[in-house]
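Keep in mind it's a predicted model, so treat the numbers as computed, not measured. What you see below is based on every heavy atom in this structure, not just the backbone, and it leaves out hydrogens, waters and symmetry mates. Each chain gets a letter, A, B and so on, in the order its sequence line appears, and its residues count up from 1.
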2 protein chains.
Amino acid sequence: MNKKEALLNAAESKARLGGYSNFSFRELANEVGIKSASVHYHFPTKADLGAELAKRYTENFLCALGDPAALISRGKDPIEHYIELFRHALIADKKMCLCGLFGAESDALPEKVKLNTKLFFEKNIDWLQSAIEKLEGDTTVKARNKAVFILSLLEGAMMMSIVLDTNEIFSIATKFIESIKN
Amino acid sequence: MNKKEALLNAAESKARLGGYSNFSFRELANEVGIKSASVHYHFPTKADLGAELAKRYTENFLCALGDPAALISRGKDPIEHYIELFRHALIADKKMCLCGLFGAESDALPEKVKLNTKLFFEKNIDWLQSAIEKLEGDTTVKARNKAVFILSLLEGAMMMSIVLDTNEIFSIATKFIESIKN
DNA sequence: CTATACTTACCTATCGATAGGTATTAATAT
DNA sequence: ATATTAATACCTATCGATAGGTAAGTATAG
């Protein structure tokens, strides 16, 4: 078992429940069976851990998304696919989007964590924009606007589903995405 | 000057930037000019302070919203009015919605803070639902669905505007609210 | 005299971080 | 093949700072 990966997994789980301050070196160390001082071997500072957390989360998310063009050629709607990934993060994990939470508290985060959180949103907007351009033949601007709309709605709906403790909120909100399709 | 209110103001400012863990009794005490132990006189525990924070935020927000029927009778669109309040919170304060942030980290919050955060969303959905019923003559269910949609979108757009450091995101997202009007 | 609004002086628990040390393994030089 | 060096992955012990919280005392206003 890779301790570094185990630390990131433990940190991600805690961060997705309560943010950057919801995990500590001691807790993570206990969970993976090492001492808290040893966590510093893998991650010099907590900011390094947080930044790598956001980076890995983004990479995994984009990897799970795949290529929009490839999805379309396989007859799949990339927007539906995108919504499904958010739904899975909410229902299967019962946790917030890591970067949604980091984003909300970004003003209080170390610079490198904030930067990687920002990249999550930029890359997600790019992915959605590209998918919408290909799928609906919108202009660059119109596709980007729709991308911003979809991502905003999904993040907000996810947060409200968690605090109101019902997935119905997410279902209701996502139904409105259809109304902007051409 | 009322120290208790000053403490709540200081706490709200910090919480809206970095969440529940972004304010401490010591910091708040320093800001208002008393000792940290004295904060316990006004708020026995941090959870009490957090709960009162969310409660006061909700009350102030609903008070600023006013009565939907009264707005309509004055020829004002309550939905536009609602969006304007969120826009103000974002642009004038340059901070997140307190309950949007608390909501995202609600799984790690003390029960009474979580409860009051939940009430913010329930009361806001009720307000929006009532406004939409009166304004557009929708059924109860349809109006509630639209309310959930609007609130989700506004919270998500606010978060993304902050992390991407541009109010354009909020503008783009809110334009899509028109598309669901009858 | 009593309630209000603090103060001083603590406590315990935890935080991220550092210094210095120890096995084990891998790479390199002789 | 053997000796030396160095990297890996931890350890113990401790640091100063900060967290929330408590008990007992004090000044002040009605």
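Think of the region where chain B sits on DNA chain D: with heavy atoms and a 4.0 Å cut, that region ends 5' and 3' at dA19(D) to dT22(D).
Applying the ring-ring contact (aromatic ring centres under 6.0 Å, His included) rule to Phe23(A) yields the partners Tyr20(A); only residues at least two apart in sequence or on another chain are considered.
Between the side chains of Ser130(B) and Lys134(B), at least one donor-acceptor pair of N or O atoms lies under 3.5 Å. Under 3.5 Å, the side chains of Arg56(A) and Asn116(A) contain no donor-acceptor pair of N or O atoms.
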Taking only N/O atoms, report every protein-nucleotides 2-10 of chain C pair under 3.5 Å with atom names and distance.
residue : atom : partner  : partner atom : Å
dA5(C)  : OP2  : Tyr41(B) : OH           : 2.9
dC6(C)  : OP2  : His42(B) : NE2          : 3.2
dT7(C)  : OP2  : Lys35(B) : N            : 2.8
dT7(C)  : OP2  : Ser38(B) : OG           : 2.4

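The two residues Ala47(A) and Val113(A) make their nearest non-hydrogen contact at O-CG2, 3.5 Å. Closest heavy-atom contact between Ala143(B) and Asp138(B): N-CB, 4.0 Å.
Nucleic acid contact class of Phe23(B) (heavy atoms, under 4.0 Å, all strands): sugar-phosphate only.
Ring geometry, Tyr82(B) versus Phe61(B): the interplanar angle exceeds 60°, so the pair is classed perpendicular (tilted spans 30 to 60°).
Judged by distance alone, with hydrogens and angles left aside, the side-chain atoms of Asp93(B) form no donor-acceptor pair with the main-chain N or O of Leu90(B) at under 3.5 Å.
Because its NZ or CZ atom is not both nearer than 6.0 Å to the ring centre of Phe102(A) and within 45° of the ring axis, Lys118(A) does not count as a cation-pi partner of that residue.
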